[in-house]
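Take a look at the structure below.
So you know, we letter chains A, B, ... as the sequences are listed, proteins then strands, and number each from 1. Note: hydrogens, waters and symmetry copies are ignored here, and every other heavy atom, side chains too, is used. Note that this is a predicted model, so its numbers are computed, not measured.
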2 protein chains.
Amino acid sequence: MQNVVLVIAYKGTRYCGWQVQPGKPTVQEIIQNAGAGVFGKTPSVTGCSRTDSGVHAKGFVALISPAEGSNELPLESIPLAMNALLPDDIAVISAKAAPEGFHPRYDAKGKEYSYAVRNSRTRDPFCDDMSWLCPKRIDESLLAPLCEEFVGTKDFKAFMASGSKITDTVRTVFSFTAEREGDMIYFRVSADGFLYNMVRIMVGTVIDAALKGKTAADIRRVIESKDRAQAGRTAPAKGLCLEKVFY
Amino acid sequence: MQNVVLVIAYKGTRYCGWQVQPGKPTVQEIIQNAGAGVFGKTPSVTGCSRTDSGVHAKGFVALISPAEGSNELPLESIPLAMNALLPDDIAVISAKAAPEGFHPRYDAKGKEYSYAVRNSRTRDPFCDDMSWLCPKRIDESLLAPLCEEFVGTKDFKAFMASGSKITDTVRTVFSFTAEREGDMIYFRVSADGFLYNMVRIMVGTVIDAALKGKTAADIRRVIESKDRAQAGRTAPAKGLCLEKVFY
């Protein structure tokens, strides 16, 4: 059986992220097990990213390399066959033949994330695992100029979780927008790559700035400081969703 | 501290229903524990209904009877104080003083449930724990006359889970409707009371009838048979939501 590229959607609430960790529920392990059921042997599974505990995905890309002697399946029947074995909160959206030598992480040209903030004083048990509940009224007209400051090729060291060992902290943010729909504020950000916790620190910083009446110039100073302590809170994982990977 | 009536919303996915069961996660236990945190002593908690494992609620009614010597709290601060201790998937919506002798189950004059069917061939990990996924196309124009047959005071014995010990199986269904919104079909049913699994068997029977081209007369014959075996499938718990309790 040839290598297969899957697009996978999952709700991360119940999982300790993508990557297999002994004794903890992970999406990678569940996909491997469903793969074993479909192909007859456990395939090797490589993801496009290590998502954190509680983070969601609509367009996660994974490479499935079936083991020698696996069942041969038509590509188009793989989503249905795997979905029959997957729990409600993980689904295979599509399956395609993998290009020769394809690697879902190293070949990625960029990624797009969304981040959902619910701007309300009341709890909603049907949304609260998919968004950050911010009770203070946020003036959404303030958000666009704050987000705009992030766009471009910059050193985003101030927006990397402290303790991360990455040394090249320059990234290119293609776009960063915020839009209100009722109680919800949806951020969308795409970039050629992200530092550890970068989206969550960007969102936390923009929300903090909007609540405290700070300006785009303040955001610029935070970026230029390259100092994590100058940036705002790390927004919680549960509002974050990997929307798309670009190749 | 006086007795308090809470309206509670919860997403049932992670819970083995409302009622406390040793060693299993239940909503009642979580509410008791949050109550203990807020009142300083574990209150007695009485629910309006035993919801099944996986069933959701937007308007569950519970009576909180604080123990002797509990903290005195203004009513309006109870939702905020309890919500600070509750997990994302359970929320207190409101708190009111309990009328003298009030019992949330015995005093209920009726209840309203919703049931969500997702009529799609593709999985959605963000909805599939809140709806029944039916891949075969359902013609929604067939549903209204099928639902209409249930309205009135009738013996609903055919719509009670077999093994249930209830002997008075006559109930009055006030209304039963179905409406499509995109891929979703939302059923709503209100009645003076429901037999065990009644809504789920009603929905399963109507869906089966619509898919097989059966008519309102067929539904009438099923009701008149008083035979569970004549009715359709029991729709899964995860699509069901207790919307409202009438007093």
Counting heavy atoms not belonging to [X], are there more than 12 under 6.0 Å from its [atom1]?
X	atom1	answer
Arg121(A)	CZ	no
Glu140(B)	CD	yes
Leu80(B)	CG	no
Gln21(B)	CD	yes

Non-hydrogen atoms of Asp128(A) and Asp88(B) that approach each other most closely
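Heavy atoms only, the tightest pair is O-OD2, 3.1 Å.
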Nearest heavy atoms of Ala9(A) and Pro125(B), plus distance in Å:
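Distance-wise, the nearest heavy atoms are O-CG, 3.2 Å.
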CG/Asp124(A) to CG/Asp89(B) distance, rounded to the nearest 0.5 angstrom?
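CG of Asp89(B) is found 11.5 Å from CG of Asp124(A).
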First locate atom CZ of Phe126(B), then atom OG1 of Thr13(A), and finally report the distance between them rounded to the nearest 0.5 Å.
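One finds 8.5 Å between CZ of Phe126(B) and OG1 of Thr13(A).
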N-O pairing of Lys11(A) and Asp129(B) below 4.0 Å
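Yes, this pair counts.
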By a 4.5 Å heavy-atom criterion (distance strictly below it), what part of Leu133(B) contacts chain A: side chain, backbone, both, or neither?
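For Leu133(B), no heavy atom lies under 4.5 Å from chain A.
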Test item: Arg123(A) side-chain N/O and Ile93(B) main-chain N/O as donor-acceptor pair under 3.5 Å:
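Looks like no, no N/O pair under 3.5 Å.
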Could you look at Pro87(A) and say if it's the side chain, the backbone, both or neither that has a heavy atom under 4.5 Å from chain B?
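The backbone, not the side chain.
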